[in-house]
Amino acid sequence: MSQNPIAETIASLMPRAKAELTELVAFQSVADWAQFPKSESEGAANWVADALRTEGFQDVALLDTPDGTQSVYGFLPGPEGAPTVLLYAHYDVQPPLDDDAWVSPAFELTERDGRWYGRGAADCKGGFIMHLLALRALKANGGVPVAVKVIVEGSEEQGTGGLQQYAEAHPELLAADTIVIGDAGNFRLGLPTVTATLRGMTLVKVKIDTLGGNLHSGMFGGVAPDALAALIRLLDSLRSADGSTTVDGLASDAVWEGLQYPEADFRADAKVLDGVGLIGEGTIADRLWARPAVTVLGIDCPPVIGATPSVHASAGALISLRVPPGVDTAEAIKLLEAHLIAYTPWQAKLELEVVGQGQPFQADTSSPAYASMAAAMQVAYPGQEMQVSGMGGSIPLCNTLTSLYPEAEMLLIGLSEPEAQIHAVNESVSPEELERLSVAEALFLVNYAESKRA
């Protein structure tokens, strides 16, 4: 990277950034108190709040949100008349899944093969460190040219909507001219990218009951309705033979017109086993960014070890539905529920519970903020043009902020490029990507302030 004062400053700050990310990753801040102590999330929240105070932020507060978690807020005043930029990240993380599959402990940041491994290193504790690096570089080179608000969420991964509800109840708190969401990622390592669309999502718990209790499969099997078999048949109705999502009434034929995702690259990124086919039809980009996708996240049923020869009385599942841009999540939920009711076999008793939801998002890429970011990324990534992609994941807060502040511009950047393997075992972050994106964010703030003065 060709050096400029901001880039040189950030390069000098990288050892400190690694030390801080090590401290932050050490908190087991999974916002699910059934799995991890609430004190771990509270510790992470306090760490973030202390970091903001150290950087001179005012009004630093731990916001108690309606879902029982805390979001961290701070405000850094800017020059008179300067625009306000909101910087977002989240400190909560996904559970580590299989501890034994991690090469190094999930909550110990470990350097290996040029990357830093640990849960949350990229998604999204590293995103908060990125914000800190950008602001520190600006302070060391003439000052931060904009007013800055920072909000760091405590339950983004759970999809329980605490921060969205808090923001709706306090609409003045996060108001800004531009919002930078630091929870996305480059399309490819080293390829500067902003994310312009996100799929929405819903989580639905399904429970099927058929009998007053389990029965001997020899005495009753073949006639008594098996709840587990009913659940399997119901879940299978959500996919066609080629694996495409099939929720009655929910369109699944949209086309993505922008940056494409070569199949060979996707297979490598997703670590698809040799000889195993992909599911669905259309381009990879169509399926990932423009169409709905249903996933069975878990099933409640007896494990193989210890299973008895029984016809099962009850079975349950947790279903995720990703909702494409242009579709209202509330309408998608109605269609999903109607589909599940219609396809439940044998008049089995069905219970449905919506446990999380968020709207899809589509940004205005023609806004001045995008031009400012494109110029910044050209400096941070010499010889590379900024790309615009979609993302199959969901950040429910985006639509809340868009609704509250319709005039605000919004950009999504971050550290979750494919090699980061977020949500999987052995999540990692590229320190070079962290450095470059911190440079890009700092230069963006400079460019954006200048554009507003022009």
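From a predicted model like this one, the values you see are computed outputs, not experimental measurements. Along the sequence shown, residues carry numbers from 1.
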Sequence neighbours left out, what passes side chain to side chain donor-acceptor pair (under 3.5 Å) with [X]? Give chain and number order.
{"X": "Gln35", "result": "Asp32"}
{"X": "Ser244", "result": "Asp242"}
{"X": "Gln164", "result": "none"}
{"X": "Glu55", "result": "Arg136, Lys139"}

So, does Arg267 use its side chain to make a donor-acceptor pair with the main chain of Val276 at under 3.5 Å?
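Side chain of Arg267 to backbone of Val276: a pair is present.
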Side-chain contact, heavy-atom cut-off 4.5 Å: [X] with [Y]?
{"X": "Pro96", "Y": "Trp102", "result": "yes"}
{"X": "Phe361", "Y": "Leu397", "result": "no"}
{"X": "Lys149", "Y": "Leu87", "result": "no"}
{"X": "Leu238", "Y": "His339", "result": "yes"}
{"X": "Ile6", "Y": "Leu443", "result": "yes"}
{"X": "Glu156", "Y": "Asp183", "result": "yes"}
{"X": "Leu138", "Y": "Pro145", "result": "yes"}

Counterpart residues, ring-ring contact (aromatic ring centres under 6.0 Å, His included), relative to [X] (two or more places apart):
{"X": "Tyr91", "result": "none"}
{"X": "His423", "result": "none"}
{"X": "Trp256", "result": "Trp289"}
{"X": "Tyr117", "result": "none"}

Show me the donor-acceptor pairs within less than 3.5 Å that the side chains of residues 73-86 make with the rest of the protein, sequence neighbours left out.
none

Salt bridge (Lys or Arg N to Asp or Glu O under 4.0 Å) against Asp300, all qualifying residues, sequence neighbours excluded:
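Asp300 satisfies salt bridge (Lys or Arg N to Asp or Glu O under 4.0 Å) with no other residue.
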Going by atom types only, do [X] and [Y] share a side-chain donor-acceptor pair under 3.5 Å?
{"X": "His90", "Y": "Glu153", "value": "no"}
{"X": "Asn141", "Y": "Thr9", "value": "yes"}
{"X": "Gln158", "Y": "Thr160", "value": "no"}
{"X": "Asp328", "Y": "Gln359", "value": "yes"}
{"X": "Glu385", "Y": "Gln378", "value": "yes"}
{"X": "Thr178", "Y": "Tyr448", "value": "yes"}
{"X": "Gln357", "Y": "Thr202", "value": "no"}

Check each of Glu427, Glu157, Arg119 against Gln94 using the side-chain hydrogen bond (donor to acceptor under 3.5 Å, both in side chains) test, and report the only one that passes.
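Result: among Glu427, Glu157, Arg119, Glu157 is the only option passing the side-chain hydrogen bond (donor to acceptor under 3.5 Å, both in side chains) with Gln94.
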Of the options Glu417, Gln387, Glu433, which is the one that meets Asn186 in a side-chain hydrogen bond (donor to acceptor under 3.5 Å, both in side chains)?
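Among the candidates, only Glu433 passes.
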Please collect all side chain to side chain donor-acceptor pair (under 3.5 Å) contacts where either partner lies in residues 21-31, sequence neighbours excluded, each pair once.
Glu23-Trp47, Ser29-Lys125
Identified side chain to side chain contact (heavy atoms under 4.5 Å, CB included) counterpart of Leu318 within the set Leu297, Thr295, Ile299:
Leu297
Which distance, rounded to the nearest 0.5 Å, do you find between the CD1 of Ile10 and the CD of Glu441?
9.0 Å
With a 6.0 Å cut-off (strictly less than), is the heavy-atom count around CD of Gln58, excluding the residue itself, greater than 12?
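Above 12, so yes.
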Could you list all the salt bridge (Lys or Arg N to Asp or Glu O under 4.0 Å) pairs where at least one residue sits in residues 82-105, not counting sequence neighbours?
none
